[in-house]
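Take a look at the structure set out below.
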Amino acid sequence: PVIPGPGPAAPAIPLCPGRLRHFKI
Amino acid sequence: ARSPLPSPVRDPNCDDPDVEQAALAAVQYVNSNHRHGYKYTLNQIDKVRVYQRRPAGEVYSMEIDLLETTCHVLDPTPLENCTVRQLIEHAVEGDCDVSVLKLDNQFVVLNAKCESSPDSAEDVRKVCLDCALLAPLNDTKVLHAVDAALAAFNAQNHTSYFKLLEISRAQLAPLHSSVYVEFVVVPTDCSPKDVADPAVCNLLADQYGFCKATLTEKVGGEDVAASCTVFGTAPVVPGPQPDGVGPTVGPTVAAGRHPV
């Protein structure tokens, strides 16, 4: 029996918004 | 006619090194292209999308959040030495949409559209019940405080008569018992003593003073304390520092700055 490989990797979700450098208003 | 194919795009992470470099180039562009108010520093990169540009290069289309610092835009202090205005000082944020071209590893800003907005009074009250709040720059109490502070400064100063260039910031303490103002002045070719008509005094080019002052109302009168830092090569005679002034400007940190 052929074991199906893992499906296509999910597209990498861009990490946004980025890091907070000071504080949020 | 077929519309040109959209150029291929990529969506990098907002904290990728090249994205941060593009954002810092935009911050430098913003600070060098406005002549009033304060320098801004990068707080957060909200969004970024990168477009291929023909024949070469990439365009970073970004949304960035900035925060106001305590350095006036005319202050030669490097941005990295400028303190971010804190929440209890009634912070101001900037929101910018920018396009930055990356070509041969150089970042060039193509355009930038920014809006600034102060924190809400409610949010300031959450962190500080009795902190002074920002006031309109044309408030009559603000205008009076600046007039009184500039008159007091000119009365102390012995070399040059200073004129007002810009009221940069004003705060009213609760119950309006005191007014805290920051403003920019320019030295003139008049001596403080012989100023009959300030209109005849000519501004000395490329020299500025950044002043901080507090006017406090008291029974039967008012107290005003002002201190100014002069940028550039204005002749400076260090005047007596008024005691009780608001946050005085720090010692000279950059060539050409002289607390007076």
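Order of the sequence lines sets the chain letters (A, B, ...), proteins ahead of strands, with each chain counted from 1. As the structure is a computational prediction, the values presented were derived from the model and not from experiment. Just so it is clear, the values below take in all heavy atoms, side chains as well, and ignore hydrogens, waters and symmetry mates.
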Would you please go through [range] and name the residues with a non-hydrogen atom below 4.5 Å from one of chain A, in numerical order?
range                      : value
residues 86-108 of chain B : B:Gln86, B:Leu87, B:Ala91, B:Val92, B:Glu93
residues 38-46 of chain B  : B:Thr41, B:Leu42, B:Asn43, B:Gln44, B:Ile45, B:Asp46
residues 61-72 of chain B  : B:Asp65, B:Leu67

Would you name the heavy atoms of [X] and [Y] that are closest together and state the gap between them?
X        : Y        : value
B:Cys14  : A:Gly18  : CB-N, 3.5 Å
B:Phe231 : B:Pro76  : CD2-CD, 3.6 Å
B:Val181 : B:Ala145 : CG1-CB, 4.1 Å
B:Leu164 : B:Val184 : CD1-O, 3.6 Å
A:Cys16  : B:Asn13  : SG-C, 4.2 Å
B:Pro118 : B:Leu134 : CB-CD1, 3.6 Å

Whether over 12 other heavy atoms sit under 6.0 Å from B:His36 NE2: no
Taking [X] for its side chain and [Y] for its backbone only, find out whether a donor-acceptor pair lies under 3.5 Å.
X        : Y        : value
B:Arg125 : B:Leu129 : yes
B:Glu58  : B:Val50  : no
B:Asp16  : B:Pro12  : no
B:Glu166 : B:Gly37  : yes

Between CG on residue B:Leu74 and OH on residue B:Tyr208, distance to nearest 0.5 Å: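 That separation rounds to 5.5 Å.
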side-chain hydrogen bond (donor to acceptor under 3.5 Å, both in side chains) partners for B:Glu20, two or more places apart: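 Per chain and number, B:Glu20 pairs via side-chain hydrogen bond (donor to acceptor under 3.5 Å, both in side chains) with A:Arg19, A:Arg21.
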